[in-house]
Structures are given as structure tokens and as C-alpha cells.
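Here's the structure we're looking at; comments come further down.
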Amino acid sequence: MLGALWNLLLFIIVLGVIVFIHELGHFTWAKIAGVYVYEFAIGMGPKIWGFKKGETEYNLRLIPIGGFCSMAGEDLELDKEEKIPKKRMMQSKSVWQRFLILFFGPGNNFILTIVLLFFIALVWGGTTMNPVVSQVTEDYPAAKAGITSGDRLIEINGHKINNSDDAALYLAIANTKKENSIKVVKPNGYEIDYKVQPKKVKEGKKTNYYFGIVMEQKRTHGVINAFKYTFLKFASLLKQMVLTLKYLFTGGISLNQLSGPVGIYSVVGEQSKGGVQSILFLIAYLSLNVGFLNLVPLPAFDGGHIFFLMIEAIRRKPVPPEIENKIHAIGLMLLLLLMAVITINDIIKLIF
């Protein structure tokens, strides 16, 4: 019982930090631009605590998922009721000002990720990301095929491997029903292309597939190595997210492989066993996810709003606010539907 409560508290803290940093980016640049901000909120649903300072309400809401920065120009009826001057509305600001307001929600998430990765590397040490095999598990497919410790992975199913994260991603999405191509460079310089099919392993209620490859993870220390690790890891994780999105649309990854709040809760519980370092890395990883996904040019996302800004810059006149707001409202409903489907999948995976 205590363990479940601790995991719930960590879950709220992890999501709260990510959402706070994201909304703080929108809020800060809105204030700089002189936009009227009605409310800065963490969480959704009924208000449980808050205060008002100046024109803005600062609130904590009951459901610890999400948050928002409510600005003049988003609800035209409310703007009329409150008699907000036109110059204080977001639409009255320049394209560049609005871009900064929209971008620095995700931008703040990217900054948080970089800061946390650097802190982790500085305090606990970073890791090398060389795609070198440190160990192969006996009686598993990789060992049987001939892959050995010291081999450097250079290609998996035609995809170039630049680091250990690339290797992990392409092994994770490899075909489980047939042989996969794994090309390596041996320590003596020879290149060999192996054909390997992952081994099916039943683990409790779950079925997993393993090649039996363990990648090299050498610890590095010092400020220079911390900088190197931070930006290599950031770029690598960002690349993984781009590829994951690509494979989601092309069918390489199925919808039920995605995780929502329930799935994140489970991950938080697992990561907490690894101590503070693991929790901080999880925050960094999820923050990067939130930042990246919010820049995808879909309605209701920051990227969707930025897309309309680009249209305005090209046309030299804005899309009528009523039309844009309706499109974003429809996008939000579809997003909530998607979240419902993902959450149901998470619950099913948790129970069964």
C-alpha cells in the first residue's frame, strides 16, 4: 500500500515538473509580449488551490495530468465579457512574438532535458554510446549466429548504426517472425553480415523477444565528458522519437506499443527502484517526449498553432480566429479520444 502511494506521489511530481516547465515557457513569453494571461494552471479539472496576483490566477487543479496557460485571444466570448483591450490579445502580437510564445513551451522541455542530462553525467557519470557488443548471452540467437564480444554493430536491416541507442531501437522494432540482418565489424576489421531471428521468451504474463546482445556501457566522468554525453544523448533520443513517429505512421510500431498516463505510472514505479538518477533520467526523457510531440503540426498541439502562424506569414493575413479555434477544438477532441484508447490499452496490459 505504501509502495503504491509512493509511486503515485512520484508520478504526480514527475508529470508536475514537466507540465510546469512547459507551461512556464508559454507564460513567460506571453508576459514579455504583453499578452493578457487569465490563468496559469497545473493539472486539469476542478480547482483545489490557488491565488490571484495582478490579472492572472495561479491554480492547482484536481487531476494531476496536463496543465494550461489561458491567454486572451483563445476564447473570444470570454475576451468580450472581460473587455480585454485588443492590444493585449495574442492575435494582436507580431508573428515572431507569437512564435516565441508557442515554441517555448516545448523549448522549455528541451532545456529541462539538457540540464538534467548534464547534471546526471556530472554527478553520476555519463556513458559511452559506442555500438560495441560487450557481451552475448549464451544459447541466445546472437551467440549461436557467431556474434561475439567486441563486435561493432554498423547496420541492422539496412539501417546505419551510429550509437548504442540506434542499435537498441532497431533491435526493438526488428521482425520477430523471421531472420534479421545484423552487420558487424570484427575487432580485426572484417565486416560480417549475420542473419538472426530473436528468441521468444515467456516472462510471466508477457511474451518478449531477445537477440541476446548486451551493448557496451563504459562510465565517463568530468565536465568535458558530461557536455559530450549530454548533447550526444539528447540528439540520439530526439532521433529515436522522430523515427518512432515515422514508424507509427508507416506501421512499423503499433498503437498499443504507446503509453499514456497509466503506462507512465508503471514506468515511474520501476524507475524509482533505480534511485534518484533513474527518476531524473525519466523526467529528462519524458520532458523531451512532451516537447517533441507538442511540436508535431497537428491541431491542438503547439506545432498546430505554429503551422497556422506559418500560413499567416505566407498569406500575410491571419486565418480567422473562429475557424482556427474550431479546428483546434476538433483536434483536442480527437487527441482526448486517442488518449482514452491508449489508457485502456495501458490498463489491459497492467491487468493481463
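In this text, all values refer to a predicted model and were calculated from it rather than measured experimentally. Only this structure's heavy atoms are used, side chains among them; waters, hydrogens and symmetry mates stay out.
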Applying side chain to side chain donor-acceptor pair (under 3.5 Å), name anything that partners Tyr38, two or more places apart in sequence or on another chain.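 In terms of side chain to side chain donor-acceptor pair (under 3.5 Å), with neighbours along the sequence ignored, Tyr38 is linked to Asp79.
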Contacts of type side chain to side chain donor-acceptor pair (under 3.5 Å), residue Ser287, not counting sequence neighbours: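 Per chain and number, Ser287 pairs via side chain to side chain donor-acceptor pair (under 3.5 Å) with Asn109.
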Quick one: [atom1] on [X] to [atom2] on [Y], what's the gap to the nearest 0.5 Å?
X      : Y      : atom1 : atom2 : value
Met44  : Ile65  : CE    : CD1   : 9.5 Å
Ile42  : Asn59  : CD1   : CG    : 10.0 Å
Leu112 : Asn108 : CG    : CG    : 8.5 Å
Ile213 : Ser164 : CD1   : OG    : 12.5 Å
Met71  : Gln91  : CE    : CD    : 10.0 Å
Ile283 : Leu288 : CD1   : CG    : 13.5 Å

Is there side-chain contact between [X] and [Y], with heavy atoms separated by less than 4.5 Å?
X      : Y      : result
Ile161 : Ile156 : yes
Pro187 : Asp151 : yes
Ile147 : Ile182 : yes
Tyr210 : Pro198 : no
Glu82  : Leu78  : yes
Val133 : Glu216 : no
Ser134 : Met215 : no
Thr113 : Phe234 : yes

Qualifying ring-ring contact (aromatic ring centres under 6.0 Å, His included) pairs, either residue in residues 141-175, two or more places apart: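 Sorted result for residues 141-175: His159-Tyr170.
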What is the minimum heavy-atom distance between [X] and [Y], and which atoms define it?
X      : Y      : answer
Leu153 : Ala167 : CD1-CB, 3.8 Å
Val37  : Ala30  : CG2-CB, 4.0 Å
Gly125 : Arg219 : O-NH1, 2.6 Å
Val19  : Gly66  : CG1-O, 3.3 Å
Leu117 : Thr230 : C-OG1, 3.6 Å
Ala72  : Ile84  : CB-CG2, 3.8 Å

Tell me if the aromatic rings of Tyr140 and Phe211 count as close, with their centers under 6.0 Å from one another. no
Which residues pass the salt bridge (charged side-chain N to carboxylate O under 4.0 Å, His left out) test with Lys144, sequence neighbours left out?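 If we apply the salt bridge (charged side-chain N to carboxylate O under 4.0 Å, His left out) test to Lys144, skipping adjacent residues, there are no hits.
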By salt bridge (charged side-chain N to carboxylate O under 4.0 Å, His left out), which residues pair with Glu312, not counting sequence neighbours?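 Once residues adjacent in sequence are excluded, the partners of Glu312 under the salt bridge (charged side-chain N to carboxylate O under 4.0 Å, His left out) criterion are Arg98.
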Is any side-chain N of the basic residue among Lys239 and Asp165 closer than 4.0 Å to the acidic one's carboxylate O?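 No, this pair does not count.
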Do Leu102 and Phe307 share a hydrophobic cluster, counting only Ile, Leu, Val, Met, Phe, Trp and Tyr and linking them when any side-chain heavy atoms are less than 4.5 Å apart?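 Shared cluster, no.
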Do Phe292 and Phe103 belong together in a cluster built from hydrophobic side chains that touch within less than 4.5 Å? yes
Please answer whether the main-chain N or O of Met89 pairs with a side-chain N or O of Ser92 as donor and acceptor at a distance below 3.5 Å.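 Indeed, once roles are kept as given, a pair shorter than 3.5 Å links the two residues.
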Applying side chain to side chain donor-acceptor pair (under 3.5 Å) as the test, list every pair that has at least one member in residues 190-201; sequence neighbours left out. Ser181-Asp193, Lys186-Tyr194
Within residues 290-302 or reaching into it, pairs that qualify as side chain to side chain donor-acceptor pair (under 3.5 Å) - sequence neighbours excluded: His22-Asp302, His26-Asp302
Compile the donor-acceptor pairs under 3.5 Å between side chains in residues 10-17 and protein atoms, sequence neighbours left out, one pair per line.
none

By ring pair (Phe, Tyr, Trp, His ring centres under 6.0 Å) - contacts of His328 (at least two apart):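 For His328 the ring pair (Phe, Tyr, Trp, His ring centres under 6.0 Å) partners, ignoring immediate neighbours, are His305, Phe308.
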Ring pair (Phe, Tyr, Trp, His ring centres under 6.0 Å) against Tyr58, all qualifying residues, sequence neighbours excluded: Phe27, Phe51
More than 12 heavy atoms of other residues, nucleotides or ligands under 6.0 Å from CZ of Arg316: yes or no?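 Counting neighbours around CZ of Arg316, 12 or fewer heavy atoms of other residues, nucleotides or ligands fall under 6.0 Å, so no.
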Going by atom types alone, do Asn157 and Asn180 pair a side-chain donor with an acceptor below 3.5 Å? yes
For Asn289, which residues count as a side chain to side chain contact (heavy atoms under 4.5 Å, CB included) partner, sequence neighbours excluded?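 With sequence neighbours excluded, Asn289 shows a side chain to side chain contact (heavy atoms under 4.5 Å, CB included) to Met241, Tyr285, given in chain and number order.
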All pairs passing salt bridge (Lys or Arg N to Asp or Glu O under 4.0 Å) where residues 26-50 contributes a residue, at least two apart: Lys31-Glu55, Glu39-Arg61, Lys47-Glu57
